[in-house]
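Worksheet for the structure shown next.
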Amino acid sequence: MSGVVIVGAGHAGSQLAVSLRAEGYAGPVTLIDACEETPYHKPPLSKTFLKAADAAPQVLRAASVYDEVGVTRLTGTVSEISPQARTVTLGGEPIPYDDLVLATGARNRMLPDLAGASNVHTLRDLTDARRMRDALPGAGRVLVVGGGFIGLETATALAATGRQVTVLEAAPRVLARVAAPETSGLIETTLRGLGIELQTGWESRGWRQESGRMVAAIGAEGEVPCDLVLVGIGAEADTALARAAGITCNRGILTDACLRTSLPHVWAIGDVAETPHWQADGAATRLESVQNATDQARHLARLLAAGGDTPFRTVPWFWSDIGPLKLQIAGLSDRADRRLIRAEEGRLAVFHFRAEQLIAAETVNCAADHMLARQLLGAGKTPPDDVLMQGAKATKAWAATGQAA
Ligand code: FAD
């Protein structure tokens with residue numbers, strides 16, 4: 001018996017390895033990653049890790065746990081899948097599988113103009129984070145290209161260390177693709193209050209370069225000088241291995257609702273997977289979040305251990321720490337046709353509806369509303385507007401009794 005081979009030991013792969021055992025899977029489990037590190041949490045890399053020179057990576061689980069549950073960890077880049085032989089190639093050697101799980105995650109995009117400059121960084125893994133942290137002592141002026149989650153988290157983390165930080169965003173507002181205008185507005189006000197210079201609608205006219213380093217971004221209205229640049233313009237699924245094996249891919253590796261790819265005995269989970277989503281009328285959807293990665297892993301562990309055809313279905317949720325703001329999103333809002341806003345000093349709740357059904361909630365510093373929204377979405381319940389506007393206590397009472405308190 002060859003067992004389950006997992007390529008990628010990030011949030012998804014590592015969870016799958018231990019969940020297989022928890023679900024009673026008795027065959028061999030092999031977990032392979034290009035990186036030697038004990039699998040670690042990625043979110044702190046753009047939050048706490050950069051702030052302290054001695055901050056250590058936070059492991060997902062102690063290295064000994066993998067040994068204790070009988071998971072074999074191997075290091076190296078898997079270079080090929082041979083579907084006929086049912087093997088993957090690692091260091092030139094074939095490794096056989098009964099089931100293969102691709103959990104290869106995503107890779108950051110880079111601006112071609114900036115590639116190769118010695119003071120330009122991206123943030124995806126521990127190597128990136130260490131490289132950037134090592135460069136910070138000589139970097140008083142930091143330029144962040146991109147007002148997405150990683151860019152904004154890093155901007156606030158570095159501003160907290162006393163650096164002068166500028167964020168350049170091409171769209172008219174930060175988080176334009178993923179958040180409501182009211183959320184973007186609160187975040188922008190907060191960033192400016194922290195002393196971060198924010199330029200939205202940035203029109204790039206190129207870069208000034210000296211001795212292989214970027215020294216200024218050139219825009220329509222002038223130059224912004226910099227000592228260090230972080231490019232945070234999003235990521236693309238790491239589908240190279242799957243494509244080379246002939247597996248059907250789109251923006252990610254396409255799977256069915258049970259996380260099966262187009263190749264027999266090959267599955268995909270986490271950032272790399274593009275899966276039919278119940279909240280998107282079954283449209284193939286690729287999500288980048290810890291919740292999605294770990295929940296897909298747990299689901300697949302059940303399928304591989306016990307068999308069956310249960311489709312993957314959870315309420316998607318996500319969080320981001322942007323300075324003093326905790327942004328939490330439950331559900332997918334892109335199909336919404338109406339939104340309801342409850343704004344208080346430094347706090348915000350935005351409820352998204354489609355055909356009067358609650359489909360998502362975005363909250364800032366309103367953790368109780370977020371937790372309730374997850375429950376409501378899971379149960380398919382939509383409280384009346386006036387209840388949602390009264391806050392979490394009233395919503396909780398309504399959820400319990402179906403009546404306003
Ligand atoms: P990953 O965790 O990226 O793991 C993929 C692994 O595959 C990598 O270790 C890679 O080395 C390995 N690999 C790839 N190809 C091969 C190969 N051919 N051979 C061997 N190994 C291979 N999400 C949130 O919900 N909240 C947050 O606040 C948040 N903050 C984030 C901050 C940062 C800086 C980053 C980068 C991400 C953040 N995310 C956050 C997203 C979250 O980390 C990802 O959604 C999650 O890591 C996805 O897990 P994964 O296992 O699919 O991919």
Side-chain angles (χ1 to χ4, degrees), residues 5-17 30-50 57-58 60 73-81 88-91 95 100-109 121-130 132-133 144 146 148-157 178 230-232 234-245 252-253 259 267-275 286-298 300 316-322 325-330:
V5 171
I6 307 165
V7 183
H11 286 268
S14 170
Q15 180 67 53
L16 175 64
T30 307
L31 179 62
I32 310 174
D33 202 286
C35 169
E36 277 190 358
E37 299 282 341
T38 304
Y40 54 90
H41 288 272
K42 294 237 161 106
L45 299 182
S46 50
K47 301 174 181 75
T48 47
F49 188 79
L50 296 173
Q58 295 174 25
L60 290 167
R73 281 181 54 214
L74 300 176
T75 301
T77 299
V78 171
S79 55
E80 198 183 357
I81 303 166
V88 296
T89 307
L90 179 67
I95 298 182
L100 172 64
V101 182
L102 300 176
T104 49
R107 284 175 186 258
N108 285 339
R109 292 195 192 100
H121 298 256
T122 60
L123 211 41
R124 174 67 27 195
D125 57 24
L126 201 48
T127 306
D128 295 336
R130 286 188 172 130
M132 185 163 159
R133 192 170 69 174
V144 174
F149 292 117
I150 289 179
L152 299 183
E153 290 178 353
T154 307
T156 50
V178 289
L230 172 73
V231 180
E236 279 163 13
D238 195 343
T239 55
L241 192 59
R243 283 181 199 276
I253 302 174
L259 308 166
W267 314 71
I269 53 173
D271 282 12
V272 77
E274 196 177 342
T275 300
R286 191 175 82 76
L287 297 175
E288 289 177 16
S289 76
V290 168
Q291 172 273 328
N292 182 63
T294 51
D295 280 351
Q296 286 191 339
R298 290 189 186 100
L300 182 56
W317 58 267
F318 179 83
W319 84 96
S320 176
D321 295 323
I322 302 171
L325 306 180
K326 180 171 278 293
L327 168 63
Q328 293 171 293
I329 301 176

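Owing to the predicted nature of the structure, the values given are computational and were not obtained by experimental measurement. Start at 1 and go down the list; that is how both ligands and their atoms are numbered. Count residues from 1 along the sequence. Heavy atoms only: backbone and side chains are in, while hydrogens, waters and symmetry mates are out.
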- atom 9 (O) of ligand 1: nearest protein contact (heavy atom, Å): D33 OD2, 2.7 Å

- Item | Protein residue, atom and distance nearest to atom 24 (C) of ligand 1, heavy-atom basis | F318 CE1, 3.3 Å

Taking only non-hydrogen atoms of [X], do any sit less than 4.0 angstrom from ligand 1?
X	result
R124	yes
P44	no
V272	no

- Main-chain N/O of L123 paired to N108 side chain as donor or acceptor, under 3.5 Å: yes

- Looking only at atom types and distance, does a side-chain atom of S289 sit under 3.5 Å from a main-chain N or O of N292, one as donor and one as acceptor? yes

- Task: Could you tell me the separation between the CD atom of E37 and the OG1 atom of T127, rounded to the nearest 0.5 Å?
- Result: 7.0 Å

Looking only at heavy atoms, is any part of [X] under 4.0 Å from ligand 1, and if so is it the side chain, the backbone, or both, or is it neither?
X	answer
K47	side chain
W319	both
D321	neither
D125	neither
N292	neither
A103	backbone

- Query: Would a 4.5 Å heavy-atom cut-off, applied to side chains only, mark I150 and R124 as touching?
  - Reply: yes

- Message: Below 30° counts as parallel, above 60° as perpendicular, anything between as tilted: where do the rings of H41 and H11 land?
- Response: perpendicular

